[in-house]
Number of protein chains: 4
Amino acid sequence: MTLSTQPSDRALARRQQVLDAAAECFRRRGFHAASMAEIAKTAGMSPGHIYNLFENKDDIIAAIVERDCEEVLQRIAAFRQEGALLQQMLGGIEQAIDDRSQVADAALQLEVMAEASRNAKLAAVVHRTEALVNEQAQALIRQSLGEQAASQLPPEEIEGRALMLGALFNGLTAMSVRHAGMAQRVPAIAPVMRRMLQVLLAP
Amino acid sequence: MTLSTQPSDRALARRQQVLDAAAECFRRRGFHAASMAEIAKTAGMSPGHIYNLFENKDDIIAAIVERDCEEVLQRIAAFRQEGALLQQMLGGIEQAIDDRSQVADAALQLEVMAEASRNAKLAAVVHRTEALVNEQAQALIRQSLGEQAASQLPPEEIEGRALMLGALFNGLTAMSVRHAGMAQRVPAIAPVMRRMLQVLLAP
Amino acid sequence: MTLSTQPSDRALARRQQVLDAAAECFRRRGFHAASMAEIAKTAGMSPGHIYNLFENKDDIIAAIVERDCEEVLQRIAAFRQEGALLQQMLGGIEQAIDDRSQVADAALQLEVMAEASRNAKLAAVVHRTEALVNEQAQALIRQSLGEQAASQLPPEEIEGRALMLGALFNGLTAMSVRHAGMAQRVPAIAPVMRRMLQVLLAP
Amino acid sequence: MTLSTQPSDRALARRQQVLDAAAECFRRRGFHAASMAEIAKTAGMSPGHIYNLFENKDDIIAAIVERDCEEVLQRIAAFRQEGALLQQMLGGIEQAIDDRSQVADAALQLEVMAEASRNAKLAAVVHRTEALVNEQAQALIRQSLGEQAASQLPPEEIEGRALMLGALFNGLTAMSVRHAGMAQRVPAIAPVMRRMLQVLLAP
DNA sequence: GATGAATGAGCCTTCATTCAT
DNA sequence: AATGAATGAAGGCTCATTCAT
């Protein structure tokens, strides 16, 4: 049994090591094909020791998802602070699409979702993550509309826009795997994407 | 080695049996957790015999993807024959979103994409499939615009729209797994989705 | 998942092979120290195949206990058919004690009991086994007393005797491990044992 | 290597802590299933430090057996001092049987014996223990017979009785695990047990 | 075509033990 | 004296795949 006493600083650092290693291995081979032995080797520690830091393999992937979530939230927060959201977003679209097109990252994300649909514990993490992100997306939309105009719309409208915003980005992730050479299609996509964002972010 | 002389009618039927069984098992347990033994049992044949019909487990999933592709193409074709595409689509949105929200199907699709990113053979199938679907999507868009108006637009515009159409649907698939209780959010999503489709299908 | 369809004759024979091998390994190393790999090798088959025949390692030991039980019951049955039970028993005591003094067998028996106290499934088998043996012991005692005299005694008396008969034999098993050179003490024990059996089997 | 210079008082107390903890864990989970980590936690010290006090896990169990032995010897000694042994014993039978029926204790005892049959070091401890207990049992029997009458009997007779006395008690231990609900059968057993003790302790 | 017994590599996980501090 | 991080060997078990029949 792994105890759940306060993890020491050292343990925290070791956990990060494992998460980095695991993310790399998962990206390289997929969740199921990446062995604990490989992860351990990549992390520069023994397989046994990983189990002092994590409950089991599933626990590692859950921790990765949670860490990624925090990163996303921070990115959204930073983004919201800059103001002039729509302009910003329309301008940054190429970059955003590019980011979504890193196939290995995309694959890991897709796999996590697939896994979540059959693993209750992971599902909980994913849903919690998504709830946070969605909340931020709604705030972003409200901010972009102007709080005044936003308060005039029914909450369902905001919610629907946020969900579609999520679908749009997740859809790009999926397409980057589905569509051969997606990265080269960014110029074709960007203008269309721009118009779609306007539908979601403007009044 | 399995020879690939003319597959008999009987063999073709047996293959379908296996594909049906495998699809069911994959949906139930995921690709990696479904065992050949379980598939064989579900298909009502011996594990050994499956290897007379398919090269290996990967080969089965590739075949499933190909079969699904044909189905999708037929659905698009039927859809295009009905005319008044935009109206039709706007009307059928609730159903379409619902369809995308069958979590088990969604999970399998996501898993296939994840798998494809690391399995060249499967990637080839997925890419070929996507190419066909994208081609149909472009035709659909052109038809919806009216061939006249369509021919005025640069091909890149049509292509971008088709890709975003793909992203939209794949994004809904992903969201149905990511977002707890997505099925209940359809009323919130539908109107937003409607506007986005107009962006893609109308001039 | 192992299916529980009718086991074929072949499978039955293979099971016996495994049971023989496992009993040997367990006797040699103990239940926990005997590895499935070693059992497989001893049985002349692959580790994987054992799992087509048995659910898991625990299942093997349960099957061994059950097989041993049947053997004991047959021995008791044969014994009861000979008649003149007390005389027979008193005469065969040296042999019986000797049998109980095979240290390796004794150790396995003790370990099974210890294991049973923490493994519900094994406990069930052991208890069922013991119930059958106890029943035969009671019949043996009644037969030895003569059915007439037996029917005069309260059932509790018969039951108590049967339990003590069991304790006596199991106690010898334990002593054969506890007491260094127990096998050589048979001449010292036999006469005492004889008197104790008379207490249990005579009126 | 651990040196064995004069163990300090402190070390002795720490050893007792470990033995208490280990006995508890062994009773709860069995010798093999109890981990050093669990023992350390129960003892309120680090796993590493246990190895300053004991050679290894086997060493702990040996020490437990030795400590238990001393306890048993003290109990016998106290018992012998009371006089009127047979009466005392016959009176205390229910209690004695009850004591033997604590399944967890019984299981540990059985496991120790099983282990001893394959572990020379533990065997030595068990045999030494048994030798001491047997010696006391013989003294008890002689005392019960009256030293006069006892000296008339051949030493083998006394020895045989002592061994059977041991078998009887160990047999009850075994039965408490083998026989479901043994604790409730005490009333049925006690009178029979009484007669058997008379055979062993009376002339 | 078809079976299903059989293989064996490989996986996740546990745990006694060590050792730097 | 004491910690607890770290090791790494080994174990039970699964499963894609093969092959004799």
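We name chains A, B, ... by the order of the sequence lines, and we start the count at 1 in each one.
- Under 4.0 angstrom from either OP1 or OP2 of E:dT14 there lies no side-chain N or O belonging to A:Tyr51.
- Among all heavy-atom pairs drawn from D:Leu108 and D:Ala23, the shortest one is CD2-O, 4.4 Å.
- Whole-Å rounding puts the D:Lys41 NZ to F:dT3 C1' distance at 16 Å.
- D:Glu24 and D:Arg28 are joined by a salt bridge, as a carboxylate oxygen and a charged side-chain nitrogen come within less than 4.0 angstrom of each other.
- A distance of 10.5 Å separates CG of C:Leu110 from CG of C:Asp105, quoted to the nearest 0.5 Å.
- To the nearest 0.5 angstrom, C:Tyr51 atom OH is 10.5 Å from C:Asp59 atom CG.
- Rounded to whole Å, atom P of F:dA16 lies 15 Å from atom CZ of B:Phe54.
- Among the atoms of the strands shown, only primed sugar atoms or phosphate atoms (P, OP1, OP2) are found under 4.0 Å from some heavy atom of C:Met36.
- No side-chain heavy atom of C:Val18 sits less than 4.5 Å from a side-chain heavy atom of C:His49.
- Annotation: side-chain hydrogen bond (donor to acceptor under 3.5 Å, both in side chains) contacts involving residues 106-117 of chain D, sequence neighbours excluded, comprise C:Arg118-D:Glu111.
- When all heavy atoms are compared, the tightest approach of A:Val177 to A:Ala107 is CG2-N, 4.3 Å.
- Looking at residues 56-65 of chain B, you'll see B:Asn56, B:Lys57 sit with a heavy atom under 4.0 Å from some atom of DNA chain F.
- Straight-line distance from the CZ atom of D:Arg15 to the P atom of F:dA2: 14 Å, rounded to whole Å.
- Of the residues in residues 18-35 of chain D, those with a non-hydrogen atom less than 4.0 angstrom from any atom of DNA chain E are D:Ala34, D:Ser35.
- Remark: C:Ile64 CD1 to C:Asp20 CG distance equals 8.5 Å, nearest 0.5 Å.
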* Asked: Pairs counted as Watson-Crick or G-U wobble with both distances under 3.5 Å: what dot-bracket string results for DNA chain F, using | for bases tied to another strand?
  -> .||||||||||||||||||||
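- Here the CD1 atom belonging to D:Ile39 is positioned 10.0 Å from the CG atom belonging to D:Leu19, to the nearest 0.5 angstrom.
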Please list each protein N or O that sits under 3.5 Å from an N or O in nucleotides 5-7 of chain F, with the distance.
| from | atom 1 | to | atom 2 | distance (Å) |
| --- | --- | --- | --- | --- |
| F:dA6 | OP1 | A:Arg10 | NE | 3.1 |
| F:dA6 | OP1 | A:Arg10 | NH2 | 2.5 |
| F:dA6 | OP1 | A:Arg14 | NE | 3.0 |
| F:dA6 | OP1 | A:Arg14 | NH2 | 3.3 |
| F:dA6 | OP2 | A:Arg14 | NE | 3.3 |
| F:dA6 | OP2 | A:His49 | NE2 | 2.2 |
| F:dA6 | O5' | A:His49 | NE2 | 3.3 |
| F:dT7 | OP2 | A:Ser46 | N | 2.8 |
| F:dT7 | OP2 | A:Ser46 | OG | 3.1 |

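- For A:Glu38 and E:dC12, the CD to P distance is 10 Å, given to the nearest whole Å.
- For A:Asp58, there are no salt bridge (Lys or Arg N to Asp or Glu O under 4.0 Å) partners two or more places apart in sequence or in a different chain.
- Note on B:Ala11: only backbone sugar-phosphate atoms sit closer than 4.0 angstrom, heavy atoms only; bases stay farther off.
- When every heavy atom of B:Arg15 is checked against every heavy atom of B:Ala63, the shortest pair comes out as NH2-CB, 4.1 Å.
- Residues D:Ile50 and D:Ile60 form a side-chain contact, since some pair of their non-hydrogen atoms from C-beta on lies under 4.5 Å apart.
- If you take CD on C:Glu66 and CG on C:Leu122, they are separated by 10.0 Å, rounding to the nearest 0.5 Å.
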